Amino acid sequence: MSQAITPTIRVQNVRQNRLQRKLWFFGGLAILLILASFFSDYLCPYDPYLQDMSLTKAAPSAEHLLGTDRYGRDMLSRVIAGSKTSIFSTLLLVGFIAVFGSIIGIICAWAGKWVDTLLMRMSDMFLAFPGLVFALAVAAVLGGGVHNAIFALAAISWPKYARLARSQTLALQSAAFMQAAKMAGSGTCKIIRKHVLPNIAGPILVTAMLDIGTMMMELAGLSFLGLGAKPPIPEWGSMMSDTRNLLPTQPWVTLSPGFAIFFSVMIFNLLGDTVRDYLDPKNRK
Amino acid sequence: MDTILQTAHLKKVFPRKDGEDIVAVDDVTFSLKKGEKLAIIGESGSGKTTVARMIAHLLEPTAGQVMLAGEDITNAGGAKLKEVYTRMQMVFQNPVDSFDPRCTLGDGISESLLNHGKSKRQAAEMTKNLLALCGLGEEFAQRYPHEVSGGQCQRAAIARALAIEPELVILDEATSALDVTVQAEVLDLLNRLQEDRGIAYLFICHDIALVQDFCDRVIVMHEGKIVEEGIPDEIINNPQQAYTKKLIDSVL
């Protein structure tokens with residue numbers, strides 16, 4: 001019997017160790033990205049807004065590692081400065097919808113009856129909007145700008161978290177330990193804080209991590225269409241849109257923000273996948 | 001002896017969409033004296049757990065009353081219910097499920113103490129004593145439910161139920177998830193605690209052999225109704241109802 005078990009445990013340990021290393025690796029990269037976006041003002045070698053007409057569309061060189069755009073602005077500085085808008089806005093957006101959606105979901109599960117029906121039908125309504133159409137409508141009513149793009153994306157993305165939190169809370173409610181907590185004299189607030197939140201945090205965290213990449217793309221997409229950040233604010237999506245006619249002649253101008261999006265999305269997606277695998281009880285020791 | 005618990009014409013109907021409602025419990029009336037050990041036995045689906053859940057306020061009765069020490073608690077809520085729970089506690093069927101997987105056993109046991117005004121230090125000290133009372137070392141306070149065996153976990157659940165010194169403990173199939181030797185140990189523990197503290201037990205069980213030595217009185221339930229009531233030995237040796245006979249034959 002023990003001979004049959006030992007190899008499985010060893011396989012699990014190896015898998016766990018590999019996962020842990022992956023988690024550190026992608027987690028480190030993601031933290032680097034976030035730090036870079038936070039301190040982007042200090043990291044830029046040049047002022048990202050400074051125009052130098054004598055140096056327009058310069059090819060990458062030792063002085064300008066990623067070359068310059070049509071106004072002679074240093075591309076590396078603009079990409080770094082763009083991370084502030086792109087990464088920071090995305091994290092803000094995902095954080096907000098995860099918290100807001102979870103609160104709505106817990107309220108639905110707890111209150112039940114008409115409150116549940118009302119909020120869930122409302123979330124159905126928001127889910128039914130195609131993202132881009134809704135963003136266009138928001139932009140038409142409130143005007144463009146990165147804030148309104150975030151607002152539009154938040155409005156159509158929170159229902160996912162509300163549904164997740166609701167189903168998780170409903171599943172918990174039938175658990176004996178919730179009844180034991182009630183019989184211990186804990187009030188609703190304490191039960192939610194002590195027993196519900198810690199137990200539903202895992203799945204919500206994983207969903208949020210996997211959502212960061214998607215939201216980053218959507219935000220860049222909206223900016224590309226001119227519904228998000230407005231030039232001259234450096235934002236990867238709008239930078240690509242701005243310079244897309246330079247692609248055949250000066251590809252570095254278009255490709256540098258493109259690759260910035262590509263790498264950031266990839267890092268956050270891989271981190272999300274790793275966190276999901278790591279929290280999966282099947283991979284536990 | 002005074003009566004601690006009384007139910008009057010308790011009824012629970014679970015409505016069904018196709019119109020045929022399920023009557024899970026129908027006209028259940030019984031009383032439990034202070035310090036008495038009363039067993040409710042019956043097969044699965046006989047409504048015994050539903051009765052326990054209605055008494056413990058985890059399920060709302062369709063009709064009828066629950067009285068705790070002469071006081072009607074059928075519609076108690078808020079602060080009143082919190083007070084009710086200082087006099088009445090419950091031990092659940094599956095011990096591991098009855099503790100939050102993200103909290104230690106000590107957290108679970110001290111929860112009621114902290115909710116009723118004990119300081120953290122007092123609660124920790126009392127938790128240690130409660131664990132010792134139930135035959136567990138103090139290191140169990142730091143363990144998580146999945147790290148201990150079913151029997152140890154059920155001991156911790158009993159410690160939790162006893163924490164605020166209730167007068168009535170409802171044991172809902174509290175030994176069913178345990179194997180036979182552990183079952184005997186837990187029953188021993190319950191017996192000892194009962195002798196020390198004079199707690200009344202409402203023992204929900206499907207195993208008539210188990211209650212024979214343990215309980216003072218037995219109620220037999222079938223299809224939501226009480227079919228027989230009496231002293232265990234009498235019922236086992238001289239069952240009056242066909243259903244009780246069947247139930248005894250199935251075990252012995």
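What's counted below: heavy atoms across the whole structure, side chains too, no hydrogens, waters or symmetry copies. The model shown is predicted, which means the values in this text are computed figures rather than measured ones. To find a chain, count down the sequence lines: A is the first, B the second, and so on, and within it residues start at 1.
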Check Ser98(B) against Ala180(A) and note the closest heavy-atom contact, atom names and distance. O-CB, 3.9 Å

Residue Leu113(B) versus chain A: region with a heavy atom under 4.5 Å: neither

Check this for me: Glu138(B), atom CD, are more than 12 non-hydrogen atoms of other residues, nucleotides or ligands nearer than 6.0 Å? no

Assess whether atom CZ of Arg121(A) is packed by more than 12 heavy atoms of other residues, nucleotides or ligands within 6.0 Å. yes

For the side chain of Lys182(A) and the backbone of His57(B), is there at least one donor-acceptor N/O pair under 3.5 Å apart? yes

More than 12 heavy atoms of other groups within 6.0 Å of Asn129(B) CG: yes

Quick one about His195(A) and Glu111(B) (side-chain donor to acceptor, distance below 3.5 Å, no hydrogens or angles considered), yes or no? yes

Heavy-atom neighbours of Met217(A) CE exceed 12 at 6.0 Å: no

Rounded distance [0.5 Å steps], CG in Leu59(B) versus CD in Gln179(A): 9.0 Å

If you count every heavy atom of other residues, nucleotides or ligands that lies below 6.0 Å from Phe151(A) atom CZ, does the total exceed 12? no

Taking all heavy atoms of Asn115(B) and all of Ser186(A), pick out the closest pair and write down the distance. ND2-OG, 2.7 Å

Should we say atom CZ of Arg18(A) is surrounded by more than 12 heavy atoms from elsewhere, each under 6.0 Å from it? no

Considering only heavy atoms, which portion of Phe92(B) lies under 4.5 Å from any heavy atom of chain A: side chain, backbone, both, or neither? side chain

Partner chain A: residue of Met88(B), Gln93(B), Arg53(B) with the largest heavy-atom pair count (under 4.5 Å): Arg53(B)

Please report the closest heavy-atom contact between Phe99(B) and Phe177(A), naming both atoms and the distance. C-CB, 3.5 Å

State, to 0.1 Å, how close Ala56(B) and Met183(A) come at their nearest heavy-atom pair, and which atoms those are. CB-CE, 4.0 Å

Atom CD of Glu139(B): over 12 foreign heavy atoms under 6.0 Å: yes

Does Lys194(A), at its NZ atom, have more than 12 non-hydrogen atoms belonging to other residues, nucleotides or ligands within less than 6.0 Å? yes

Greatest number of non-hydrogen atom pairs under 4.5 angstrom with chain A, of Asn94(B), Asp100(B), Val91(B), falls to Asp100(B)

